[in-house]
Amino acid sequence: MKNALHEWNLAPQEAIALQKELAQRLEPADRIDPVTHIAGMDIGFEDGGDTTRAAIVLLKWDPATAPDLAVVEQIVHREPTRMPYIPGLLSFREIPAALGAFEKLSVMPELIMVDGQGIAHPRRLGIAAHLGLWLDLPTIGIAKSRLYGKHEDVGEARGDWTPLRAKNATIGAVLRSRAKVKPVFVSPGHRISLETSLEWVVRCLGRTKLPEPTRLADRLASRRDQRKK
DNA sequence: GCGACAG
DNA sequence: ATCTTGTCGC
């Protein structure tokens with residue numbers, strides 16, 4: 001039986017070994033149920049970092065009104081922070097709190113957009129990939145900056161993108177989600193291809209840099225506009 | 001050995 | 001990520 005105490009409280013070397021093992025279980029091909037709900041997930045911190053705040057925004061998918069999607073549910077879940085930020089091991093710091101938030105969600109989505117990398121990671125297991133494997137749900141990683149991989153300059157027009165590559169493999173895409181704004185890094189997590197990931201991200205793109213699911217989750221996880229009760 | 005380094 | 005006000009630009 002999987003127990004968070006044993007699966008998440010690992011020493012860096014053990015976590016790295018686990019990532020290599022789990023990455024082999026990722027499904028790179030699309031295996032997605034008909035999408036009716038999409039969730040955006042992000043993490044924030046309080047108390048100078050002592051408290052981790054996981055936020056989820058559940059949206060009803062409606063191609064007729066997209067990218068304007070109705071908010072069905074919002075969850076904010078707090079837990080004591082368990083470990084520091086270590087590049088490459090982000091999921092071990094943030095996923096435990098995220099799981100607590102998903103447990104409070106009344107309806108599970110068919111697709112999740114996560115703030116962070118999918119397989120665009122040195123061991124192919126960014127937070128979006130790790131979360132997807134754990135929940136066994138399709139996930140897409142949308143990061144605001146690069147962690148791993150190389151790429152050419154991306155076009156200036158909204159929608160332009162260029163491959164993010166590492167070791168002769170394409171691990172994601174650098175997408176100009178909004179003209180004149182720094183591009184976002186899109187990479188598939190679990191049960192979804194890069195092509196399909198880009199389609200969904202673009203479909204959920206308003207006139208902002210981030211697609212609606214992560215933009216709203218970002219805002220909910222952030223300290224400034226939501227206030228602790 | 002020297003940088004780079006999601007959030 | 002977070003600490004923080006005003007300010008430049010579309």
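Lettering of chains follows the sequences in order, A, B, ..., and the numbering in each one begins at 1.
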With sugar-phosphate meaning primed atoms plus P, OP1 and OP2, does A:Arg53 contact a base, only sugar-phosphate, or nothing at under 4.0 Å between heavy atoms?
sugar-phosphate
Name all stems that contain residues of DNA chain C, defined as runs of 3 or more consecutive Watson-Crick or G-U wobble pairs, both distances under 3.5 Å.
none
Kindly express the pairing pattern of DNA chain B in dot-bracket notation, using | wherever a base pairs with another strand and counting only Watson-Crick or G-U pairs under 3.5 Å.
.......
Residue from A:His121, A:Gln117, A:His130 passing side chain to side chain donor-acceptor pair (under 3.5 Å) with A:Ser91:
A:His130
Are A:Leu205 and A:Val174 connected in a single hydrophobic cluster, I mean Ile/Leu/Val/Met/Phe/Trp/Tyr linked by side-chain heavy atoms less than 4.5 Å apart?
no
Going by side-chain contact (heavy atoms from CB on, under 4.5 Å), A:Ile112 matches just one of A:Leu135, A:Thr214, A:Ile140. Which one?
A:Leu135
Considering residues, nucleotides and ligands other than A:Asp153, do more than 12 of their heavy atoms fall under 6.0 Å from its CG?
no
Residue pairs, two or more places apart or on separate chains, that pass side-chain hydrogen bond (donor to acceptor under 3.5 Å, both in side chains) and touch residues 10-29 of chain A
A:Gln19-A:Arg123, A:Glu27-A:Arg31
Give the minimum heavy-atom separation between A:His37 and A:Val72, together with the two atoms involved.
CD2-CG2, 4.0 Å
Relative to each other, are the rings of A:Trp134 and A:Trp8 parallel, tilted or perpendicular (30° and 60° limits)?
tilted
Looking at every heavy atom in both A:Ile171 and A:Gly149, which two are closest together, and how far apart are they?
CD1-CA, 4.1 Å
Under 4.0 Å protein heavy-atom contacts per nucleotide of nucleotides 5-10 of chain C, with B for base, S for backbone only and - for none:
------
When rounded to the nearest 0.5 angstrom, what distance separates CD in A:Glu195 from OG1 in A:Thr170?
8.5 Å
Electrostatic pair A:Arg219-A:Asp42, nearest N-O below 4.0 angstrom:
no
Test of understanding: clusters of I, L, V, M, F, W, Y form through side-chain heavy atoms closer than 4.5 Å, transitively. Do A:Leu210 and A:Val181 belong to the same one?
no
As a test of understanding, state which of A:Thr139, A:Asp33, A:Leu137, A:Ile192 forms a side-chain contact (heavy atoms from CB on, under 4.5 Å) with A:Leu111.
A:Ile192
My understanding is that only residues two or more places apart in sequence, or in another chain, count here; which of them pass salt bridge (charged side-chain N to carboxylate O under 4.0 Å, His left out) with A:Arg215?
A:Glu212
What string of B, S and - do you get for nucleotides 1-7 of chain B, 5' to 3', if B is base contact, S is sugar-phosphate-only contact and - is no contact with any protein heavy atom under 4.0 Å?
---SBBB
Without decimals, in angstroms, what is the distance between A:Asp50 CG and C:dT2 P?
13 Å
